[in-house]
Amino acid sequence: MITTGLAHHTFPLSRLLLFSSLPPLSSTLGSSYPTSIFNQIPNPTIFLYNTLISALASTNNTHIALSLYSHLLSHKTPNPNNYTYPSLFKACGSHPWIHHGLALHAHVLKFLGSTYDHFLHASLLNFYSKCGKLELSRYLFNQIQDPDLAAWNSIISAYAHGTSTCSDDASSCIEALFLFDEMQMSLIRPNEITFVAVIGACADLGALSQGAWAHAYIERHGLELNRFVATALIDMYAKCGCINLAIQVFDSLPKRDTMCYNSMIRGLAIHGLARPAVGLFNVMDRDGVAVDYVTFVVMMCAYAHAGLVDEGRRCFNSMNEVYGIEPKIEHYGCLVDLLGRAGRLDEAHEVVWKMPMRPNAVIWRSLLGASRIHGNMELGELALRHLTELEPESGGNYVLLSNIYANMNHWEDVRRVRKVMKDKGINKMPGHSLVEMDGEIHEFILGDRAHPRSREIYAMLDEMGRRLHEYGHKPSTQEVLFDMGEEEKEDALSYHSEKIAIAFALVASDSTVPIRIIKNLRVCGDCHSSAKLISRIYGREIILRDRIRFHHFRYGACSCLDYW
DNA sequence: TTAGGGTTAG
C-alpha cells in the first residue's frame, strides 16, 4: 500500500505523522524508536526506506524524513547507502538546517567512508552553498573531475546567489559568470536551470548585455521560457533599468504565476511606476492569480517609492481584512518606511511600538533613515540605540546617524560618532559603482584612480565640475561626514564613485546610448542633483540603480521626482 | 526499483 501511494504522490502522511512528534535528528541519531508502520513490515529494504525518505523530503516534510532516517539507523540492517542521503541534504539545505546537515555529513563518512559517488558529492556541495558556505562548496566542486550539468548548475547557482546575502559584494556574481564561461569551454550545454542562475547574476550586477545575450541564447537554442526563466528575465531586465523589456517578456508569457506578477510589480515599483504597479495588482486579482505575502511587500514598496502614503496604508490594512494574509515583519518594515519617508515620523514611530512582533534591524534602520531625511536627531538616536544592539558591527548605521548630525552642522556629535566607530573598529561599507561598457563591467570606488583610462576620467571630472558650476550647481555638502573645509568637502563629493562612473561613461561610450550605473549604496544628495544637471548639460540619459531603486535622469530631472 | 541543480520580496 505504501509504495502504491507513493507512485501517485498521495502517500498517506497521516500514518507517518507519529514520526513528526519525535525530537530533532541531532538528539535522535543512533537512538531507537518505537514505530508502527515500519515495525509492521518485516525486513523493510533500503530501497523502501530511500523511496519514502525521498518522497517525504521532496514534499517539504523534512522533519518526518529525518525521523524515518533515524528509524533506519536504529536497526542493524539495512544500512543507509548512496541513495539515502542526497534527498536528505536537499531537504536540510532548503530550510537550511545546518546542524542536521552536518550530522548527516558525519554519517556519510561513517557509513560510506570516502566511497560515495558523485551524486552524493554534488548534493553535499549544494547543501553547503545553501548554508552560505561558499568556499566549502567550491572546494567540493573542485574535487569533481568532470562535473556534469547538475554539478555546474549547483556551483553557478551558489555563486549567483552569493550576492543577495551580501549586497556589497559583486564579486560572487562575477565569479558565477566566469564559472559559466568555464562550463561552456568544457562543452557542457547549459539548460534552463543554468540560465536561471546566470540571468540572476546578471540582474544583481546590472550586466545588461550579458543578460540579453542569455535571453537570446535561450531563444536561439529552443530552451523553454518556463516560469523560472521568465521570472528571472523579468527581474533581470527591470534591475538593469530596461523596464520596457521586462514588460515585453511579461506580456509574451502565455501563463503567468504569482512569482511572475510579483517580479513584474517589483520591477515597476523600483522604477517609481506606482500606478502601473497598482494596475497590475488589480489585473492579477481579477484574473484569480493568488496574491501572496511577497505581492504585498512589493506593492508597499511601490507606494513608498511614489510617496502614496494613504493608499499604501489602505493596502496594508487590506492584507488581513480582504485577503486574509497576516502582515509579517517585512510588511511592518514597509509601512514604517512609507510613513517615515513621507515625514510622518510620529505615525511611523507609533507603528514600531504597536507592531505585534519585536522590531528587527530593518525596522529601526527605516526609522533612522527617515529621521535623517527629516532631521529628527532625537528619534535618530533612539533608532540607532536599538540598531546597534541588533547589529553592533554594521558601520552603515553609524554613518546614517553621523549624516543626521552633519546635516545640522553638529560637528561635535559627528566627531563623537566617528570616534565610537574608530574605537570599536567599525568601518563603513565602501561604496562602489558599476558601469557596463561593451560587455565589460567596470567597477569604481571613491577616488578611484586604478582604471587604465584614469587620466581621461579625471579630466572629464574637472570639466563636469566646471560646467556644473556654470549652470549654478551648489554642491550640497551636508552629507560629507567630516567637518572639513567647504572646498575639501566639494572635492570629496566630486570623487564619489557614481560621479567617476558617469565621467567614465561620458568619456568611453557612444553619446546616443543611455549611461547605466549600478551603485551598491544609496545615491547621495549631491550626486543626485549633479546627475540631473549632467543629463541636461551633456544631453545624456543617465539610468542609475541605487541600493533600493532606480533614478532615470533626463532633461535635468529625475524620475523619482526627488522623492527617495 | 531508490539520489543531486532553478524564480519574486527582505
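Naming: A, B, ... by sequence-line order, numbering from 1 per chain. All figures in this text were calculated on a predicted structure; none of them were measured in a lab.
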Would you mind classifying the nucleic acid contact of [X] as base, sugar-phosphate or nothing, using non-hydrogen atoms under 4.0 angstrom?
X	result
A:V297	sugar-phosphate
A:N82	base
A:L149	base

Can you tell me the distance, in whole Å, between the [atom1] atom of [X] and the [atom2] atom of [N]?
X	N	atom1	atom2	answer
A:D117	B:dT2	CG	C1'	12 Å
A:F89	B:dG4	CZ	P	13 Å
A:N81	B:dA3	CG	P	11 Å
A:Y332	B:dA9	OH	C1'	18 Å
A:M355	B:dG10	CE	P	16 Å
A:L253	B:dT7	CG	C1'	12 Å
A:D204	B:dA9	CG	C1'	13 Å
A:L390	B:dG10	CG	P	19 Å

Are A:W152 and A:F180 close enough that their ring centers fall under 6.0 Å?
no
Just checking A:Y83 against A:F47, ring centres under 6.0 Å apart?
no
Nucleotide nearest [X] when distance is taken to its side chain, options [options]:
X	options	result
A:E330	B:dG10, B:dG4, B:dT2	B:dG10
A:F47	B:dT2, B:dA3, B:dT7	B:dT2
A:I193	B:dG6, B:dT1, B:dA9	B:dG6
A:V196	B:dG4, B:dG6, B:dT1	B:dG6
A:P86	B:dA3, B:dT8, B:dG10	B:dA3
A:K90	B:dG4, B:dA9, B:dA3	B:dG4
A:R266	B:dG4, B:dA9, B:dG6	B:dA9

Between B:dA9 and A:K239, is there an OP1 or OP2 to side-chain N/O distance shorter than 4.0 Å?
yes
Taking only N and O in the side chain of A:K130, is any of them less than 4.0 Å away from OP1 or OP2 of B:dG6?
yes
For the side chain of A:D148 and the base of B:dG4, is some donor closer than 3.5 Å to an acceptor across the two?
yes
Residue that, paired with A:F316, satisfies ring pair (Phe, Tyr, Trp, His ring centres under 6.0 Å) out of A:Y332, A:Y293, A:Y323:
A:Y332
Contacts of type side chain to side chain contact (heavy atoms under 4.5 Å, CB included), residue A:E391, not counting sequence neighbours:
A:A361, A:R365, A:L387, A:S394, A:N397
Counting only heavy atoms not in A:F178, do more than 12 sit closer than 6.0 Å to its CZ atom?
no
Report the residues that fulfil ring-ring contact (aromatic ring centres under 6.0 Å, His included) with A:H215, sequence neighbours left out, ordered by chain and then residue number.
A:Y237
Charged N to carboxylate O below 4.0 Å: is that the case for A:D546 and A:R522?
yes
Strand contacts (DNA chain B) in residues 207-237 of chain A, 4.0 angstrom heavy-atom criterion
A:N226, A:R227, A:F228, A:T231, A:D235
Parallel under 30°, tilted from 30 to 60°, perpendicular over 60°: which one fits the rings of A:F296 and A:H331?
perpendicular
